[in-house]
Amino acid sequence: MIAPTTAARAAALVAGVLLLAGCTGSTPADPAGSTSTPSSSSTTGAALAASTCVADPDAAIAAGKTALPTGELPAELVSSLDAAAQAAFDLGASPGAIVGVQTPEGRWEKAYGLADPVAGTPMAVGMHTRIASLTKMYTGTILLQLVQEGEVSLDDTVDTYVDGIPNGDRITLRQLANMTSGVNTYTANEEFITQYFADPTSDFTPSELVEATVEVSPAAEPGERFLYSNGNSVILGEIIEEVTGRAFADELQSRILDPLELTATVWPESSAALPEPYARGFTLNVDEAGTGVPTDSTDWNPSWAWTAGEIISTTDDLLTMGRALGTGRGILDDATQRVRLESFLDPSQSPPAPGAGGYGLQMGCGQGWVGHAGELSGYNTTQFYDTATDTTVVVQTNSDVASGGCENSPTLQDDPGDEICQVSAVRIFVGLSSILGETYQPPPRS
């Protein structure tokens with residue numbers, strides 16, 4: 001067993017990009033130079049090559065114009081999916097998991113294991129979990145809605161809206177969204193990490209998160225390289241509030257949750273409470289002695305993640321949102337959705353994820369699957385949409401503990417060390433993707 005160092009615990013707080021490709025390059029792609037008419041082409045300067053991860057954006061957009069599928073998936077397909085999910089779950093380090101699959105043929109959902117291993121409560125479809133970095137896609141959607149409305153341009157610089165960000169006069173909103181701004185993550189701030197783990201129930205304000213970000217920024221020049229940073233998403237949240245004059249929670253409700261009828265999706269503000277029913281979460285992020293015995297982190301306050309990772313949701317809502325994110329249905333017009341699907345950075349310049357499709361505007365892409373993974377102490381979630389087959393896959397687990405031959409990530413006492421190192425939701429998603437379309441290839445985890 002490996003005890004989590006300060007660096008490892010800090011990395012755990014920003015995890016989520018590990019399922020996505022990182023990118024580097026001199027300048028980011030330039031998908032939308034106008035506030036009124038988004039375009040997928042670069043207008044000025046050298047641009048980092050765009051990914052072709054989404055082979056046919058127009059087909060994906062068109063798929064969203066059809067009604068959501070109803071009914072159950074064919075029994076033979078369900079049998080294959082169930083076997084793959086069970087096999088992957090058995091190799092994982094999570095007490096429980098909830099899986100959801102939606103295709104043009106119908107929908108299938110199933111729960112595995114326990115929501116509370118102490119009480120023996122079984123996991124059940126409909127339970128709430130924290131979805132961590134999937135929140136970034138909701139933040140990115142609101143940003144693109146403001147672009148669509150002509151309120152902002154992706155070429156606007158940060159200092160137009162928020163003061164005090166290093167290089168804010170040169171960093172664009174696009175660079176914040178695609179993680180090429182050079183803004184460091186506040187979880188690289190040792191003082192912040194120490195404060196957080198001293199009391200994970202503490203309430204952090206957005207201003208405190210921005211301040212912690214500024215103290216360790218810049219980590220690179222704007223456009224110099226890809227750097228996954230919660231600081232980018234938090235600054236975007238501040239910009240959204242500045243432009244709209246309303247709280248982010250209100251914008252999320254009126255722009256996404258209400259239109260898509262996501263009645264089980266919750267923005268918890270500064271509360272650590274989860275709505276009933278919910279799964280209890282478990283982590284090794286405070287296992288200083290390396291015992292491999294997880295801690296119940298259910299009541300840890302998620303305010304430290306704000307617009308980078310605070311949302312709580314359920315499988316049904318995540319399936320609806322996953323398809324909307326992939327097609328634009330109900331949240332973006334066709335032109336703006338095309339910008340989103342054509343804005344992934346070229347992975348050929350971005351190790352360590354060969355074969356994946358790169359990071360885009362608060363969203364990742366690999367083998368045609370667009371979406372995100374999220375890890376937050378006690379929870380791991382994946383939400384992906386296959387742009388080739390109109391298929392959405394969601395996996396929720398109540399542990400962020402990795403399993404397999406992990407060199408750095410702490411593991412449980414009974415870990416199957418001969419397996420590839422991975423977290424449970426990712427492991428299950430990969431197994432399901434191999435049955436539903438092209439197999440997703442996550443970058444290696446150590």
Side-chain angles (χ1 to χ4, degrees), residues 2-24 28 132-133 135-136 139 158 162 164-168 170-171 175-200 202 204-238 283-286 288 297 300-310 350-353 359 362 364 372-377 400 402 407-410 423 443 445-446:
I2 301 167
T5 63
T6 299
R9 293 190 300 178
L13 293 185
V14 296
V17 74
L18 295 178
L19 189 59
L20 310 169
C23 307
T24 59
S133 284
T135 302
K136 293 178 174 68
T139 301
V158 172
V162 176
I165 306 301
N167 293 329
R170 295 190 291 132
I171 296 170
Q175 289 171 329
L176 284 179
N178 69 14
M179 306 286 185
T180 62
S181 69
V183 168
N184 207 353
T185 177
Y186 51 87
T187 52
N189 187 320
E190 290 190 13
E191 183 178 346
F192 174 85
I193 288 296
T194 299
Q195 181 182 356
Y196 172 77
F197 280 108
D199 182 9
S202 297
F204 289 91
T205 67
S207 296
E208 289 175 316
L209 302 181
V210 172
E211 181 180 353
T213 298
V214 168
E215 289 174 354
V216 292
S217 295
E221 287 295 301
E224 179 182 9
R225 63 186 176 93
F226 176 90
L227 173 64
Y228 187 76
S229 165
N230 281 351
N232 287 311
S233 303
V234 166
I235 295 170
L236 284 175
E238 292 263 280
T283 188
L284 287 176
N285 281 342
V286 291
E288 298 285 0
S297 55
W300 290 11
N301 196 308
S303 62
W304 69 269
W306 201 46
T307 50
E310 196 171 331
S350 57
Y359 202 80
Q362 298 283 279
H372 221 292
E375 289 178 45
L376 183 149
S377 295
D400 65 321
E407 298 176 359
N408 296 315
S409 300
V423 282
R445 184 188 184 99
S446 61

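Residues: numbered from 1 along the sequence shown.
- Taken from CZ in Phe192 to CG in Leu209, the straight-line distance is 5.5 Å, to the nearest 0.5 Å.
- Ser233 and Gln362 are linked by a side-chain donor-acceptor pair at a separation below 3.5 angstrom, with hydrogens and angles left out of the test.
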Q) Run the salt bridge (charged side-chain N to carboxylate O under 4.0 Å, His left out) check on Glu375 and Arg445 step by step: do they pass? A) CA-CA 13 Å; Glu375 289 178 45; Arg445 184 188 184 99; 2.9 Å; yes
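- Taken from CG in Leu176 to CG in Asn232, the straight-line distance is 5.0 Å, to the nearest 0.5 Å.
- Between Asp400 and Leu376, the closest side-chain pair of non-hydrogen atoms is not below 4.5 Å.
- Ring geometry, Tyr228 versus Tyr359: the interplanar angle exceeds 60°, so the pair is classed perpendicular (tilted spans 30 to 60°).
- No side-chain heavy atom of Glu224 sits under 4.5 Å from any side-chain heavy atom of Thr180.
- For Ser207 and Thr205, the side-chain atoms include no donor-acceptor pair closer than 3.5 Å.
- The CH2 atom of Trp300 sits 4.5 Å away from the OG atom of Ser377 when rounded to the nearest 0.5 Å.
- A ring-centre distance under 6.0 Å is found for Tyr196 and Trp304.
- In summary, the side chains of Lys136 and Asn230 do present a donor paired with an acceptor at a separation below 3.5 Å, with no hydrogens or angles considered.
- Put simply, OG1 on Thr139 and CD1 on Ile235 are 12.5 Å apart, with the number rounded to the nearest 0.5 Å.
- Atom CZ of residue Arg225 and atom OG of residue Ser181 lie 10.0 Å apart, to the nearest 0.5 angstrom.
- To the nearest 0.5 angstrom, Glu190 atom CD is 14.0 Å from Gln195 atom CD.
- Inter-residue side-chain proximity for Thr307 and Leu236 is flagged as unmet; no heavy-atom pair is nearer than 4.5 Å.
- Side-chain contact check for Asn184 and Ser229: no donor-acceptor pair (N or O, by modelled atom type) lies under 3.5 Å.
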